Amino acid sequence: MKKEMTFEAAMKELEQVVVSLESGNLPLEDALGTFEKGITLTTLCNKKLDQAEKKITMLLEKKDGSFEEKDFVTEEN
Amino acid sequence: MSRVFSVYDVNRYIKGIFSTDMLLTDILVSGEISNYKYHYSGHMYFTLKDDQSLIKCVMFKSSAASLGFEPENGMKVIIKGYISVFERDGQYQLYAQKMQPDGLGSLHIAFEQLKAKLQKEGLFDSEYKKPLPLFPSCIGVVTSSTGSVVKDIINVATRRNNNVNIKILPVQVQGLGSADSVAKAIKTFNLLKNVDVIIVARGGGSLEELWAFNEEVVARSIFASEIPIVSAVGHETDFTISDFVADLRAPTPSAAAELVVPDMDSLKDTVLALRKRLVIAVKRETQLMAMRLSKYESSTAFSQPLDRIYQERLKLDSDLKQITQLIHTRMIEKKAELSNFAAKLNALSPLNIMARGFLVAKGEDNHIIKRAQEVSIGDKVILTFLDGEAKCTIEEMKLRME
């Protein structure tokens, strides 16, 4: 894949793939190709859901106008 | 005698003192506007008064341009600026840099003014509302870094998705300058482009405390944002201009977090369900294909491949039989026809006539004599019999009268 799809795009395409396969009027080769694509898309969606990592940061502006990220700590932790 | 100063020098001296005073160079003053004049040059001149005193004020075009409301006589305002001396007139006055309405009456007027203005410009139109991403990889939060709001947002967000990625841009959410602070943070996120959605939030408070979110500069920055913005200011019953311009209004900051962060479990369920449907669909499809295939395989074409040839051969035989029959019939017919002709022919044959006792008479030149007139006494004639000829001489003649 050139540029990785967004989760939205992957989900949308996955839904289209499922619907077109369910319609049952695809030639067999296409149906198998479509199925393969659907499986790839579900894997991608799951990966996207899992790969995000918990990170809570605060952006602090430096004197030169650029920003640095610092972990955000609330008072109690 | 002491030194004598010119008027100008005095005023210059006083101005110098003013400009070194910590309080006068950066001051907040509240009062009621009177004698308001909007000069064609774009500067605003007016007097600020309370029940005991008054002070002259000026707001220059550069500051007046960013004012989100139209000052009116009698309107209560808070002004941020500095106090300095106008040397020519020997008058000190308040140079206003920022001004915001003060007191419920003024705030309501300003709110309605800005709301009407932006509505007319189309900033609230639904066609400009951007959809929120289904699954944002990073969420920007514009709010105070202290207080319960930021904590509420983090708590709700992490409860729904334990791996949520949040970037907080701390801002001043109250008081003069807070609107600029909020607007700048929104612009910063749009510049850095490091979040997929922005929550602009503030906890509950009075109309004055929420005022930053009713200012034009914040409304404009929300409208200009390319990143979708959820506005969550105050309690459920508080409506701010930010709420109207934002792509989505959340009743509370916690609700904003809920709207922005999808519930991981339900998302995973959705993906799983789609995958199940996919597998079922492809299974059904291949089963259907297999059934069709076995139906074809069991057809006669495959089970008895020579059947067709046998069929053809039988048909051929039957055709041949029919043709032979036809020819046979025709021949019998023709034969019957022929013997019929032969019988007719036979009946007409001269030999047949001679058999009955008739003779043919010919002259010596061999022509057939049909009449007695053709011959005379003494002529030689040849009589032809069935079995031979005889040469005779005419001795006597008797002509029959006709």
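What you see is a predicted model, and the numbers here were worked out from it, not measured in a lab. A note on names: the letters A, B, ... follow the listed sequences, proteins ahead of strands, and every chain is numbered from 1.
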Largest heavy-atom contact set with chain A, pairs under 4.5 Å, which of B:T270, B:L267, B:L272:
B:L267
Close side-chain approach of B:K268 and B:V271, heavy atoms under 4.5 Å:
no
Is there side-chain contact between A:M5 and A:K48, with heavy atoms separated by less than 4.5 Å?
no
For the pair A:K55 and A:D71, find out whether any cationic side-chain nitrogen is under 4.0 Å from an anionic carboxylate oxygen.
no
Chain A contacts: which residues in residues 167-181 of chain B have a non-hydrogen atom closer than 4.5 Å to it?
B:K167, B:I168, B:L169, B:P170
Please classify the contact between A:L41 and chain B as side chain, backbone, both or neither, with a heavy-atom cut-off of under 4.5 Å.
neither
Are there residues of residues 273-285 of chain B whose heavy atoms fall under 4.5 Å of chain A's heavy atoms? If so, which?
B:L274, B:R275, B:R277, B:L278, B:V279, B:A281, B:V282, B:R284, B:E285
Select one option (side chain, backbone, both, neither) describing which atoms of A:F35 are under 4.5 Å from chain B's heavy atoms.
both
Pick whichever of A:E15, A:M58, A:M11, A:E22 has the most heavy-atom pairs under 4.5 Å with chain B.
A:E22
Side chain to side chain, B:V182 and B:V142, heavy atoms closer than 4.5 Å
yes
With chain A as the partner chain, list the residues of residues 183-195 of chain B whose heavy atoms fall under 4.5 Å from it, by residue number, and write 'none' if nothing qualifies.
B:K184, B:T188, B:F189, B:L192, B:N194
Residues 127-139 of chain B vs chain A, non-hydrogen distance cutoff under 4.5 Å, contacting residues -> B:P133, B:L134, B:F135
